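Have a look at the structure below, then the notes.
As the structure is a computational prediction, the values presented were derived from the model and not from experiment. The analysis underlying the following values was restricted to heavy atoms, covering all of them including side chains, and did not include hydrogens, waters or symmetry mates.
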Protein chains: 2
Amino acid sequence: MLPELKIQPLRCVLAIVDEGGFHAAARQLHRTQPAVSMAVRELEQRLGEPLFEKGGKAALTPFGRYCLPRFRELITQHDRLSRELWAQVQKQAGHVDMAAVPSVASRLMPRLLSDFILRYPDLRVSLHDGSADFVRRLVAGGEVELGITSLWREDDELSFMPLMRDDVGVVCRDDHPLAERAELGWEALQGQVLIRNGTSRLLEGTEAEPLLAESAFDISNMISLTAMLVAGIGITTLPRLAFPQEYERLRFIPLVDPMVERELGLLRPGKRSLSPAAQAMEAFVIESLRAQAFAIP
Amino acid sequence: MLPELKIQPLRCVLAIVDEGGFHAAARQLHRTQPAVSMAVRELEQRLGEPLFEKGGKAALTPFGRYCLPRFRELITQHDRLSRELWAQVQKQAGHVDMAAVPSVASRLMPRLLSDFILRYPDLRVSLHDGSADFVRRLVAGGEVELGITSLWREDDELSFMPLMRDDVGVVCRDDHPLAERAELGWEALQGQVLIRNGTSRLLEGTEAEPLLAESAFDISNMISLTAMLVAGIGITTLPRLAFPQEYERLRFIPLVDPMVERELGLLRPGKRSLSPAAQAMEAFVIESLRAQAFAIP
DNA sequence: ATCCTATGATCAGCTTTTCTTACCATTAGG
DNA sequence: CCTAATGGTAAGAAAAGCTGATCATAGGAT
């Protein structure tokens, strides 16, 4: 029973009043004058009450005067919304929630994000970091839209795009007997005090797996781990990217005998789509990491 | 460049979400399912971004989730406006500003207005009162939409519809020599102390005009005038409707020798139209006063 | 597995709406 | 009186919107 107001005719009314006539309004609206006339007439009979006086001039009726500010208000709201949505789609506004594994977050993201906000100055990014499983859970649960991580469990809810290889090596202090070696095989590690960490499971399923059984400690926190390494308490294995190169006394020696690599890549919801801002981030991450050493071609 | 959002497709999106599917939404909107599909698709490509996931089910994209509350808001605003305008047109809301000459305001309007608000309980009325000229000025200036008054100057900006005749008579105190007469001719008034008042100009242009020259006072305020009459200071002429019948000691004697009448009627802006509420009032006044004694057929 | 039924998507064809072109009526000014 | 504005009107074209039939897909029941 309530009349359905369309935006265009309301705009006509405003234009007529603002421009002071049907012709001028038509010009402003890029329409012909009859179109304006008819739009108004249609609106009037939809409301059941004329908005303009009949006699020649474009003068509002009292009802028209009553309507005018309300029309203006509705159109303002409409335009505000339209602009806002448009900004989202054009990536001139928006927010990306993403997550990354700590090594990526600390070694790659600073540069990547600063490049990103150069390219999209009006987008906002929240970066969470945590273990690969934590990242996976955030993406799967929809708490973030994108993750940069290594995948070890396929999940058909999620899709993973490999972007970089990251080879595992041994990390020890510079005065360790192995410290000067250019590369190592797993046999060389037998009998060493091996500290497990969150990335150690990369060795599972390789010839080096027996080493894990010997390891005395299992330290998941990176700060604690490096502290133990610097203290010379033991050695560990880490992907190259996770190797904290800012510690002068630590050495990274590639493990070649089983050559172990993890694949880092972009994790995103499988079929679901991304917000416009996240789409921009997705493309940007792919482009950036592909242009990197160790990129997967 | 900004997309023009139409209300209907937005309503579709809401319906799909609320009803949980395209079919159910179509049912609710009294449309067929393809209509809903196409409306959504049209909207999506207008925005340049999908709102629903592609795979079978009716699930929102992140962008869709972003849009949803905003769509809802715009539609709410639209409906509020639509309802408000409709109420105005249906006379379920609105305001009438009107004016009347004091005699009408005090003798006819109380009853008329109380009947009016019975018929239109949701309309509000403001009644101004003042001299016929004052009423005319208010209507001409657009400060009120309707006036009930006697017209003495034609004005093609205004249109006057005569509704009642009101005959002029002599008013005096009950102990005045003329008080017992059933009717009078103007000669009977010669030599009397005649008090002019705002309605005296009705005598202009009649045989009784010479009387005006003799009059000693000119009192425009009705309270003062009656006070003087009650005090027996003089007599005056008044239209019957203006005769203050609540004063027991005053008598009204019809003047028949020139029979002088004023025409009371409805004054409204000539070509301009009225607000819906004022239209209701106009019709109501005409109907009410026509059903009155002294009505002009 | 297979059928069954639900979902949405698609397409041709129709109806409605909306616009344009061309013309008319009225009015104000030169 | 003529001209140049105004807005209104009518017929046809274009666009939008809707329907009805049909299709592809997925989930559930047998």
ask   = Residues from residues 19-32 of chain B sitting under 4.0 Å of DNA chain C, heavy atoms only?
value = Gly21(B), Phe22(B), His23(B)
query = How is Ala58(B) classified with respect to the nucleic acid when contacts are heavy atoms under 4.0 Å: base, sugar-phosphate, or nothing?
reply = sugar-phosphate
request  = State which residues pass salt bridge (charged side-chain N to carboxylate O under 4.0 Å, His left out) with Asp115(A); sequence neighbours excluded, sorted by chain then number.
outcome  = Arg111(A)
ask   = Rounded to the nearest Å, what distance is computed from the CD atom of residue Glu53(A) to the P atom of nucleotide dG7(D)?
value = 14 Å
ask   = Which salt bridge (Lys or Arg N to Asp or Glu O under 4.0 Å) pairs, counting each pair once, include a residue from residues 34-47 of chain B, with sequence neighbours left out?
value = Glu42(B)-Arg46(B)
query = Near DNA chain D, which residues from residues 1-11 of chain A have a heavy atom under 4.0 Å away?
reply = none
message = Taking salt bridge (charged side-chain N to carboxylate O under 4.0 Å, His left out) as the definition, give me every residue that meets it alongside Arg70(B), ordered by chain and number, with sequence neighbours left out.
response = Glu84(A)
key: Selection residues 39-92 of chain A - residue pairs positive for ring pair (Phe, Tyr, Trp, His ring centres under 6.0 Å), sequence neighbours left out   = Phe22(A)-Phe52(A)
task = Applying side chain to side chain contact (heavy atoms under 4.5 Å, CB included), name anything that partners Asp97(B), two or more places apart in sequence or on another chain.
result = His95(B), Ser126(B), His128(B), Val144(B)
List the atom pairs, with distances to 0.1 Å, where a side-chain N or O of residues 284-291 of chain B and a protein N or O form a donor-acceptor pair under 3.5 Å, not counting sequence neighbours.
unit_1    : atom_1 : unit_2    : atom_2 : d
Ser288(B) : OG     : Phe284(B) : O      : 2.9

key: Inter- and intrachain pairs under salt bridge (Lys or Arg N to Asp or Glu O under 4.0 Å), touching residues 24-40 of chain B, at least two apart   = none
request  = In whole angstrom, give the distance that lies between atom CG of Leu43(A) and atom P of dC19(C).
outcome  = 13 Å
task = Can you establish whether the number of heavy atoms outside Arg119(A) located under 6.0 Å from its atom CZ is more than 12?
result = no
Taking only N/O atoms, report every protein-nucleotides 21-29 of chain D pair under 3.5 Å with atom names and distance.
none

inquiry  = Would you say Ser37(A) places a side-chain N or O within less than 4.0 Å of OP1 or OP2 belonging to dG8(D)?
reply    = yes
key: Test salt bridge (charged side-chain N to carboxylate O under 4.0 Å, His left out) applied to Glu282(B) - qualifying residues, sequence neighbours left out   = Arg268(B)
request  = Could you tell me which residues satisfy salt bridge (charged side-chain N to carboxylate O under 4.0 Å, His left out) with Arg11(A), sequence neighbours excluded, listed by chain and number?
outcome  = Asp79(A), Glu4(B)
query = Does Arg41(A) make a side-chain N or O approach to OP1 or OP2 of dG7(D) shorter than 4.0 Å?
reply = no
